[in-house]
Amino acid sequence: MKDSIIRDIGLADSGHKKIEWVKGYMPVLSAIEKEFIKDKPFAGRKIVMSIHLEAKTAYLAKVLKSGGAEVSITGSNPLSTQDDVAAALVEDGLHVYAWYNSTDKEYLEHLNAALDINADIVIDDGGDLVHLLHGERQALLPKVIGGCEETTTGVLRLRSREREGLLKFPMISVNDAYCKYLFDNRYGTGQSVWDGIMRTTNLIVAGKNVVVIGYGWCGKGVAMKAKGLGANVIVCEVDPIKAIEAYMDGFRVMTMDAAAPIGDMFVTVTGCSKVITGKHYKVMKNGALLANAGHFDVEVWKPELEAMSKEIKPMRRNIMGYVMEDGRTLNLLAEGRLVNLAAGDGHPAEIMDMSFALQALSAKYVNENAGKLQNKVYEVPEEIDKKVALMKLSALGIQIDVLTPEQEEYLRGWGE
């Protein structure tokens with residue numbers, strides 16, 4: 001295997017500074033790092049990672065290495081890799097295969113190069129590593145004892161394989177842990193999406209009609225932050241229960257067809273494909289902004305957008321203008337990829353502190369239970385979820401009450 005494939009090792013100093021900065025705001029992961037240095041839970045193990053390759057992810061990779069693992073890492077999106085961070089990890093002794101703005105061919109080459117480590121444990125974000133391991137890289141399957149998945153999109157792909165009886169090793173759904181989706185998906189996505197949009201456009205959000213498509217935990221966060229910025233928020237949903245929730249949270253709820261002509265900014269957060277399509281482009285306002293916060297660049301359907309345009313031109317960095325036949329321009333942010341990472345720095349460090357603590361401890365759980373787990377998708381064990389929450393509270397200087405034995409007995413019984 002090649003030792004590393006990166007853009008420029010000379011960028012490493014900048015990357016080290018970024019990693020040290022986020023480390024100062026990730027006390028839970030820092031505490032786990034101390035445990036790992038002492039106990040070496042991954043001694044003799046190899047771990048392959050495909051997660052957005054920026055500073056917070058880099059710190060997780062270093063923590064896993066501190067636990068005795070040999071770590072191979074690549075990015076999970078061509079536009080989210082930060083070349084200076086990749087260089088810093090190489091200097092820190094990790095195998096790195098990624099660079100910013102890779103072509104589809106290069107992206108696939110990087111994934112395969114990372115897999116060449118012949119890993120025991122897989123840490124995935126979106127499911128690309130697992131997909132390859134179940135396809136052209138099946139020869140590597142005998143050594144894989146299990147892994148963890150970070151995202152809603154990746155978990156959907158895993159559960160599909162499980163339903164069909166095709167999943168070849170156990171995976172932990174980190175995405176579904178309370179300490180992940182209640183904070184990462186809601187507060188992390190909510191803030192980082194608007195960080196990316198505002199940094200990229202330099203436009204005000206207040207007073208705009210913001211259309212949020214999808215009201216899962218990520219959509220809730222995006223809508224909540226938009227409301228806080230003064231936007232008039234419209235929610236589009238296919239789930240009737242989530243639609244009622246959005247209505248009772250104070251948002252207008254309507255179909256995408258109805259929202260298309262009145263929206264100023266559109267944010268897709270569904271994990272599905274073809275969410276905004278040609279019939280919507282036909283009626284959108286001149287200057288409408290289109291952004292995606294789902295994992296893959298299929299929600300804002302680009303083939304139809306391109307086909308309907310008489311001209312495509314760069315407007316600003318990370319904004320392409322698509323000029324329609326009638327002269328209207330629709331502005332697509334970050335090529336329709338994850339706007340919070342492709343046009344920003346991703347979730348705040350304090351949020352990823354919990355998500356990556358879950359990743360580290362779930363990987364440890366997989367290792368400790370090698371050979372005992374079935375080939376299915378598992379929830380994060382409750383004790384890990386609560387451990388991370390308690391560690392976070394401790395880092396924040398917050399104490400909470402504890403049930404007395406008498407109260408625990410009361411709750412276990414009928415009560416009087």
Side-chain angles (χ1 to χ4, degrees), residues 22 25-33 47 49-52 54-61 63-64 76-77 80 121-127 129-130 146-159 170-193 214-225 242 269-271 293-295 338 340-341 345-366 376-396:
V22 299
Y25 294 92
M26 302 179 79
V28 179
L29 200 55
S30 294
I32 291 171
E33 181 179 30
I47 298 176
M49 302 173 62
S50 173
I51 304 186
H52 301 286
E54 44 77 52
K56 299 174 288 290
T57 303
Y59 184 39
L60 169 62
V63 169
L64 295 172
S76 61
N77 187 294
S80 62
I121 297 171
V122 178
I123 296 181
D124 216 350
D125 186 312
L129 288 179
V130 170
C148 312
E149 170 57 52
E150 175 80 4
T151 68
T152 302
T153 298
V155 171
L156 288 173
R157 297 173 83 183
L158 287 173
R159 293 199 187 282
M171 289 289 289
I172 305 292
S173 173
V174 171
N175 179 74
D176 294 330
Y178 285 113
C179 277
K180 203 278 186 181
Y181 71 78
L182 288 177
F183 308 104
D184 182 316
N185 293 17
R186 179 167 47 168
Y187 296 103
T189 304
Q191 178 167 319
S192 63
V193 161
Y215 203 65
W217 286 104
C218 291
K220 289 179 177 69
V222 173
M224 176 180 66
K225 291 295 183 181
K242 292 177 182 176
V269 209
T270 69
H295 186 81
L338 273 164
N340 55 333
L341 279 149
D345 288 324
H347 294 359
E350 300 96 330
I351 293 294
M352 296 312 297
D353 188 28
M354 288 185 284
S355 295
F356 284 164
L358 289 168
Q359 284 281 14
L361 294 177
S362 293
K364 180 185 176 187
Y365 177 84
V366 167
K376 66 179 189 177
V377 181
Y378 287 85
E379 303 292 333
V380 172
E382 183 181 9
E383 61 269 22
I384 291 178
D385 218 355
K386 288 190 173 180
K387 176 178 179 176
V388 170
L390 287 169
M391 291 174 76
K392 189 67 173 181
L393 286 170
S394 176
L396 293 169

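Side-chain atoms are counted along with the backbone in the values below, which use heavy atoms only and exclude waters and symmetry mates.
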Supply the atom-to-atom distance Met49 CE to Ile121 CD1, rounded to the nearest 0.5 angstrom. 11.5 Å
Using the side-chain contact (heavy atoms from CB on, under 4.5 Å) rule, pick out the option among Leu158, Val366, Val155 that qualifies with Met171. Leu158
Surrounding CD of Glu383 (heavy atoms of other residues, nucleotides or ligands, distance under 6.0 Å), is the total greater than 12? yes
Roughly how far, to the nearest 0.5 Å, is the CG atom of Leu396 from the CE atom of Met391? 12.0 Å
Please work out which of the three classes, parallel, tilted or perpendicular, describes the rings of Tyr178 and Tyr181, given edges at 30° and 60°. tilted
Measure the spacing between CH2 of Trp217 and CG of Asn185 and express it to the nearest 0.5 Å. 9.0 Å
Going by heavy atoms in the side chains, are Gln359 and Ile123 under 4.5 Å from each other? yes
Gap between atom CG of Asn77 and atom CD1 of Ile51 - 0.5 Å precision: 13.0 Å
Check whether any side-chain N or O of Lys56 sits under 3.5 Å from a backbone N or O of His347 as a donor-acceptor pair, and report yes or no. yes
For Asp176, enumerate each residue passing the side-chain hydrogen bond (donor to acceptor under 3.5 Å, both in side chains) test, keeping only those at least two apart in sequence or located in another chain. Arg159, Ser173
Please answer whether the main-chain N or O of Asp125 pairs with a side-chain N or O of His295 as donor and acceptor at a distance below 3.5 Å. yes
Spacing of Leu64 atom CG and Ile47 atom CD1 [to the nearest 0.5 Å]: 4.5 Å
Using atom types as modelled and distance alone, determine if a side-chain donor or acceptor of Asp124 lies under 3.5 Å from a backbone N or O of Leu129. yes
Is the backbone of Thr57 close enough, under 3.5 Å, to the side chain of Glu54 for a donor and an acceptor to pair up by distance? yes
Spacing of Lys387 atom NZ and Leu390 atom CG [to the nearest 0.5 Å]: 10.5 Å
Within the 3.5 Å criterion, strictly below it, is a donor on His52 or Ser80 matched to an acceptor on the partner's side chain? yes
Flag, side chain of Lys392 to backbone of Glu350, donor-acceptor distance under 3.5 Å: yes
Considering residues, nucleotides and ligands other than Tyr378, do more than 12 of their heavy atoms fall under 6.0 Å from its OH? yes
Donor-acceptor under 3.5 Å (Thr153 side chain, Gly126 main chain): no
Can you name the closest pair of heavy atoms from Leu29 and Tyr59 and give their distance? CD2-CD2, 3.5 Å
